[in-house]
Amino acid sequence: MSGRWWALVAVSLATFMTYLDNNVVNVALPTIQRDLALTISGLEWIVSAYILVFAGLLLAGGRLADVFGPRTAFFGGLAVFTLASVAAGLAGSQETLIAARAGQGLGAALLTPSTLALLPRIFPDARERATAVGIWSAVGALALAIGPLTGGFLSENADWGWIFLINLPIGVIAAVIGLRSIRVERAAAGRSSLDLPGLATSAVALFALTYALIEGESRGWTSAPILGAFAAFAVAAVAFLVVESRTAQPMIDLTLFRERVFSGGLLSMGLWSFGVFGIYFFTALYLQSALGFSPTEAGAGFVPMALLMAVIASVSPRIAERFGSAGTVAAGLGLMAVAIGGLSSAGEGSHYLDLLPWFLLYGAGAGLLVPLTNVVLNAMPPARAGVASGVLNVSREVFGLLGITILGAILSARQSAVGGAPLHAFLEAYRFTLVIAAAIVLVGVPVSVYSLRRTRAASASAEPSEPAVAEPVA
């Protein structure tokens, strides 16, 4: 196997680690709460600290990858994430664990944009790049499958600390392989400025928005802290737009959002994330409350769906090459919408096998969204691949949080309105919420058809034309 494919192994392992960590924690929370005698607030912040720092610094991490090189950002993020994982696994108090989770978020904010920014540089050939992105996406989907199962199994059969400590060998292996195989090139134009005002205003805006979405349900959407957070987001977002429009070397060229391919691709990816986060979160509740699944069984229930997602993700670039990105992405979102609507038929007498066909259909649809990654990256100049990756991941994270918060608010309101036995009220609200979710995801079909029309698959896209020089080994 050639060096660039070994480099893909390193990049994929790092991606697997961060995606796994995103999903492994939730089912282990009750065990962590008992062992550390956590308050409810402390329990919430174990999850929130990671998401808040990760989402808040994604754009900054992408820009750092562009300025200092994706290879440098990759190894820096990998080191921070791995060490923070060890600290989380060995934590003996609420404060230590929350701080370690924030450290993981910082590492992931550096690591995630750099992994995606590395792929166009490792694979300059467009056809190979499409294959590599498909494999990279399949590995992420595999982590979605293994995460809840791993978290449930370790929390029930071993010390909960191992859900974090398993990142140590993965991180070390990724670092060893990466140091030997990742040899990338960067634009010859040299290092550009960091755009510190842009970094600061984008971080404040994303921190404030993420905080409001995470805490809105528990604190109340009209409470002073949440309204203040939304106000801070609005002010910082406007300041960011002003700064970027007046800076000689902006972090993001705002004119790109006028391009239908770029803005439509981000919206389509956001709607995908809206559906994925919502289906995992609320269906996990259904499996445990209605079907009586244990945490391990609930995690295992998603494995067939995520495995099929991984398989389809690995071949979807070839499908897009044959039928076009617009049709492939639209079909994926359409299948997801149908599957979510099908799941709404679940009732009190339903069994797991009644849900499995819809799970599989959903996984197939989600796997078809992989060409969107290439579409968004190809809309940016090669020297801005890090920021493009950051923007893509911000869209994914924010829409995912919107999926949980908006659907959660709908579910809670419907549950209160239905009344009756708790299980009956939950099921009625769950089914109603899934119908709403299906309608929202379905919006992505015309969006993708319009915005991606006449867009060829990544394998047929133009090659970067900038001259490049070897980046020094860090």
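Values in this document were obtained by computation on a predicted structure and should not be read as measured data.
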Output, in order, the C-alpha distance, side-chain angles, deciding distance and verdict of side-chain contact (heavy atoms from CB on, under 4.5 Å) for Leu267 and Val447.
-> CA-CA 8 Å; Leu267 180 57; Val447 168; 3.8 Å; yes

Applying side-chain contact (heavy atoms from CB on, under 4.5 Å), run through Arg219 and Tyr211 and close with a yes or a no.
-> CA-CA 11 Å; Arg219 291 180 177 270; Tyr211 174 81; 3.1 Å; yes

side-chain contact (heavy atoms from CB on, under 4.5 Å) between Arg180 and Trp6: does it pass, once the steps are laid out?
-> CA-CA 9 Å; Arg180 295 176 60 89; Trp6 278 113; over 6 Å; no

Go through Ile135 and Leu8 one step at a time and tell me if the side-chain contact (heavy atoms from CB on, under 4.5 Å) criterion holds.
-> CA-CA 9 Å; Ile135 294 172; Leu8 177 62; 4.0 Å; yes

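Contact of the Leu97 side chain with the Ile46 side chain is registered, since non-hydrogen atoms from C-beta on lie closer than 4.5 Å. Looking at heavy atoms from C-beta onward, Thr201 lies out of side-chain contact with Glu244 at the 4.5 angstrom threshold. Using a 4.5 Å heavy-atom threshold, the side chains of Phe233 and Val204 count as separate. Here the side chains of Thr112 and Leu116 are not in contact, with every heavy-atom distance at 4.5 Å or above. Side-chain contact between Leu199 and Phe240: absent, with no pair of heavy atoms (C-beta onward) separated by less than 4.5 Å. At a threshold of 4.5 Å between non-hydrogen side-chain atoms, the residues Asn167 and Gln104 count as touching. When side chains are defined from C-beta on, Ile122 does not count as touching Trp5, because their heavy atoms never get closer than 4.5 Å. At least one side-chain heavy atom of Arg101 sits less than 4.5 Å from a side-chain heavy atom of Phe164.
The nearest pair of heavy atoms linking Gly365 to Met336 is C-CG, 3.8 Å. Closest non-hydrogen pair, Thr328 versus Ala320, comes out as OG1-CA, 3.3 Å. Contact between Gly103 and Ala84 at its shortest, heavy atoms only, is C-CB, 3.6 Å. When all heavy atoms of Ala14 and Phe74 are compared, the closest pair comes out as CB-CE1, 3.6 Å. Of all heavy-atom pairs between Leu434 and Ile340, the closest is O-CG2, 3.2 Å. When every heavy atom of Pro317 is checked against every heavy atom of Val370, the shortest pair comes out as CG-CG1, 4.3 Å.
With hydrogens and angles disregarded, a donor-acceptor distance shorter than 3.5 Å links the side chain of Ser223 to the backbone of Gly220. Remark: the backbone N or O of Ile182 is paired with a side-chain donor or acceptor of Arg71 at under 3.5 angstrom. Between the side chain of Thr210 and the backbone N or O of Phe207, no donor-acceptor pair lies under 3.5 Å. With hydrogens and angles disregarded, a donor-acceptor distance shorter than 3.5 Å links the side chain of Arg129 to the backbone of Pro124. The backbone N or O of Ser451 sits less than 3.5 Å from a side-chain atom of Arg260, completing a donor-acceptor pair. Of the possible polar contacts, none joining the Ser273 side chain to the Met269 backbone as a donor-acceptor pair under 3.5 Å is found.
Remark: Ile170 CD1 to Leu20 CG distance equals 6.0 Å, nearest 0.5 Å. Between atom CE of residue Met309 and atom OH of residue Tyr362 there is a gap of 6.5 Å, rounded to the nearest 0.5 Å. Taking CG from Leu110 and OG1 from Thr115, the interatomic distance works out to 11.5 Å, rounded to the nearest 0.5 Å. Rounding to the nearest 0.5 Å gives a distance of 15.0 Å between CG of Leu118 and CZ of Arg4. Rounding to the nearest 0.5 Å places OH of Tyr450 at 12.5 Å from OG of Ser268. With rounding to the nearest 0.5 Å, the separation of OG in Ser325 from CG in Leu369 is 11.0 Å.
When each of Val329, Val443, Leu372 is tested with Ser448 by the rule side chain to side chain contact (heavy atoms under 4.5 Å, CB included), just one qualifies, namely Val329. In summary, of the residues considered (Thr15, Val11, Thr18), a side chain to side chain contact (heavy atoms under 4.5 Å, CB included) with Leu111 occurs for Thr18 alone.
With ring centers used as reference points, Phe123 lies 6.0 Å or more from Trp136.
Ser85 and Thr82 share no donor-acceptor pair across their side chains, judged by distance under 3.5 Å alone.
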